[in-house]
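One is the number of the first residue; the rest follow in order along the sequence. Predicted model, so just to flag it, every value in this text is computed and none were measured.
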Amino acid sequence: MLTVHKMHFSIFLLLWGWVLSTECRAHRQGKEIHEVYKKGSRPQRQRREAHGEGHKQGSPILKRSPDITKSPLTKSEQLLRIDDHDFSMRPGFGGPAIPVGVDVQVESLDSISEVDMDFTMTLYLRHYWKDERLSFPSTNNQSMTFDGRLVKKIWVPDMFFVHSKRSFIHDTTTDNVMLRVQPDGKVLYRCVGTHWAVGVTSQCNGTAQVRFAALDAYTEDDLMLYWKNGNDSLKTDERISLSQFLIQEFHTTTKLAFYSSTGWYNRLYINFTLRRHIFFFLLQTYFPATLMVMLSWVSFWIDRRAVPARVPLGITTVLTMSTIITGVNASMPRVSYIKAVDIYLWVSFVFVFLSVLEYAAVNYLTTVQERKERKLRDKLPCACSLPQPRPMMMDGSYNDGDVNELGHYMSENGDKPDRMMVQLALGSERGSGRRKNQRYVSMRIDTHAIDKYSRIIFPGAYILFNLIYWSIFS
């Protein structure tokens with residue numbers, strides 16, 4: 001038994017020695033090959049060294065550049081010491097209010113709706129403040145400019161726009177946000193945005209007011225919002241043109257707004273005064289209304305007995321004026337005050353309506369006058385031998401040489417009125433088979449005084465109204 005164990009131990013020692021000798025031989029061969037490779041020809045060594053340097057330095061094709069966005073800190077953040085401060089609080093927290101200056105460059109002002117009282121404005125908005133936490137050493141005192149990625153890591157004013165329906169910052173081709181930092185910590189923050197807001201007010205003098213208000217989330221105890229250069233803080237593009245309006249003037253104002261739950265806030269206002277292009281309204285509103293008023297005067301020269309002519313003319317002008325007023329009010333805001341166009345249209349409507357009432361008065365007085373004349377005619381002695389006349393006919397030929405068998409008559413009060421010639425056809429029938437004989441008798445009937453005076457009073461009063469209106473609202 002002991003002999004068998006000794007044999008196994010001897011075999012294990014032999015195998016272990018053979019393994020060690022094999023490894024030593026392989027190591028010596030590899031070392032010799034490496035020395036031979038290092039002792040190769042000079043061109044081979046140069047190629048190997050160049051190949052090794054290429055792998056060491058990296059290639060834009062074979063090796064990707066490192067992603068700087070995944071690095072803990074970029075060089076700008078290290079220079080500005082972003083991680084050394086808490087930018088969730090305003091500069092100088094706990095101290096006096098930080099002043100923030102604002103100026104605006106308006107690029108476009110369009111889509112002005114007086115009905116919805118809203119507008120669309122595109123503008124450059126710039127903020128100016130000082131944050132000593134962003135100061136950095138500089139030998140040449142040059143500022144540093146950054147894009148919108150750094151804005152998300154520092155403190156910026158939280159400004160919003162009052163009565164804004166929708167606002168957005170332009171993002172073509174990237175977010176239009178710029179941040180410029182001076183070595184002493186002065187900051188310029190600029191953004192480009194379009195804002196759709198409510199703030200259009202139509203005035204009674206033919207102008208419109210556009211007001212745009214900005215407010216910051218900090219109260220006046222923490223932040224003082226102001227226009228950096230007063231009225232010069234608001235600039236506009238000279239090429240701005242509106243279809244219905246002309247920019248008359250613009251200015252800036254600053255006011256305080258109180259909110260009961262938080263306190264007082266600085267509010268900045270942009271005010272535009274717009275004047276309408278009057279030529280459009282002249283063609284669409286004023287000129288048609290004037291024509292309708294003049295058309296209503298035509299009835300003053302139509303015979304007062306022509307009821308089918310004068311009544312439809314008056315009704316047509318009244319309905320047309322009503323249509324014009326309805327169309328204009330549909331394109332105007334529903335406001336409680338009276339506008340300039342309302343004054344003109346309603347005065348024109350009154351003139352048209354009065355022309356209808358004028359004919360009603362003339363027709364009534366004519367009927368009363370004819371009754372008196374009929375009674376007077378019945379009292380004339382020569383009328384007894386005349387046959388009964390047929391209905392009155394208008395003949396249009398006014399011949400003073402015609403014989404007046406009824407004679408001239410005077411009015412009851414003794415005045416001799418102005419008269420116009422009217423031919424009366426009087427027919428007599430004498431039995432069957434006889435010819436119908438007509439006798440023409442001329443009779444003078446006076447034109448009513450109301451028509452005569454209306455031909456002068458109505459045009460004169462309307463011209464006077466236009467002179468006063470355009471002298472005030474032009």
Side-chain angles (χ1 to χ4, degrees), residues 76-77 80-107 120-135 143-171 174-182 184-199 211-229 233-234 252-270:
S76 60
E77 294 178 2
L80 298 176
R81 305 187 304 276
I82 298 296
D83 284 351
D84 294 346
H85 304 281
D86 183 10
F87 285 96
S88 62
M89 295 184 294
R90 68 172 180 86
F93 181 78
I98 173 176
V100 177
V102 177
D103 64 20
V104 171
Q105 172 76 26
V106 178
E107 290 297 319
T120 301
M121 180 185 295
T122 300
L123 51 84
Y124 287 88
L125 182 63
R126 305 182 188 91
H127 303 75
Y128 302 87
W129 74 92
K130 186 175 182 180
D131 191 346
E132 295 181 353
R133 296 173 296 183
L134 297 176
S135 60
S143 61
M144 297 178 62
T145 304
F146 307 96
D147 58 8
R149 286 175 289 186
L150 185 64
V151 175
K152 300 178 181 178
K153 299 180 180 181
I154 66 171
W155 180 89
V156 293
D158 186 10
M159 181 180 289
F160 66 96
F161 299 97
V162 184
H163 307 307
S164 177
K165 293 183 177 180
R166 185 168 60 91
S167 300
F168 62 90
I169 295 178
H170 294 187
D171 54 1
T174 183
D175 291 342
N176 295 150
V177 176
M178 185 270 291
L179 187 72
R180 183 175 295 165
V181 182
Q182 300 285 345
D184 57 353
K186 293 182 179 179
V187 182
L188 165 62
Y189 171 59
R190 187 219 68 189
C191 61
V192 183
T194 298
H195 309 276
W196 180 32
V198 177
R211 170 170 285 193
F212 193 44
L215 187 70
D216 199 89
Y218 291 88
T219 63
E220 64 170 351
D221 296 332
D222 291 325
L223 188 144
M224 184 180 66
L225 204 63
Y226 68 98
W227 291 110
K228 190 173 186 298
N229 299 313
S233 300
L234 176 60
T252 60
T253 55
T254 304
K255 294 183 179 180
L256 286 175
F258 178 74
Y259 293 86
S260 58
S261 58
T262 51
W264 292 91
Y265 294 83
N266 295 110
R267 181 178 289 187
L268 305 181
Y269 290 93
I270 300 175

Enquirer: Nearest 0.5 angstrom please: L125 CG to Q105 CD, how far?
Expert: 12.0 Å
Enquirer: Give me the atom names and distance for the closest heavy-atom approach of M178 to T145.
Expert: CG-CG2, 3.7 Å
Enquirer: Which residue in the set D131, D221, D158, D222 passes salt bridge (charged side-chain N to carboxylate O under 4.0 Å, His left out) when paired with R90?
Expert: D222
Enquirer: Starting at CD1 of I98, measure out to CG of L225 and round the result to the nearest 0.5 Å.
Expert: 11.0 Å
Enquirer: What is the distance from atom OH of Y128 to atom CG of D103, rounded to the nearest 0.5 Å?
Expert: 3.5 Å
Enquirer: More than 12 non-hydrogen atoms from neighbouring residues, nucleotides or ligands closer than 6.0 Å to CZ on F160, yes or no?
Expert: yes
Enquirer: How close do D184 and K130 get, heavy atom to heavy atom, and via which atoms?
Expert: O-CE, 3.3 Å
Enquirer: For K165, what residues pass the salt bridge (Lys or Arg N to Asp or Glu O under 4.0 Å) criterion, not counting sequence neighbours?
Expert: D118
Enquirer: Looking at W227 and T253, would you say the former's side chain and the latter's main chain have a donor-acceptor pair under 3.5 Å?
Expert: yes
Enquirer: What's the shortest heavy-atom distance between V177 and I169, and which atoms?
Expert: CG2-CG2, 4.1 Å
Enquirer: Side chain to side chain donor-acceptor pair (under 3.5 Å) with T262: which of W264, Y259, Y265?
Expert: Y265
Enquirer: Check H170 against G193 and note the closest heavy-atom contact, atom names and distance.
Expert: NE2-C, 4.0 Å
Enquirer: Should the pair H195 and F161 be assigned to parallel (<30°), tilted (30 to 60°) or perpendicular (>60°) ring geometry?
Expert: tilted
Enquirer: Measure the spacing between CH2 of W155 and CZ of F93 and express it to the nearest 0.5 Å.
Expert: 12.0 Å
Enquirer: Could you check whether atom NE2 of H163 has more than 12 heavy atoms from other residues, nucleotides or ligands sitting under 6.0 Å from it?
Expert: no
Enquirer: Nearest 0.5 Å please: distance from the CG atom of D147 over to the NZ atom of K152.
Expert: 9.5 Å
Enquirer: Measure the shortest side-chain to side-chain distance between P91 and E132 over non-hydrogen atoms and say whether it is less than 4.5 angstrom.
Expert: no
Enquirer: Assess whether atom OH of Y124 is packed by more than 12 heavy atoms of other residues, nucleotides or ligands within 6.0 Å.
Expert: no
Enquirer: To the nearest 0.5 Å, what is the distance between CZ on R126 and CG on L188?
Expert: 7.5 Å
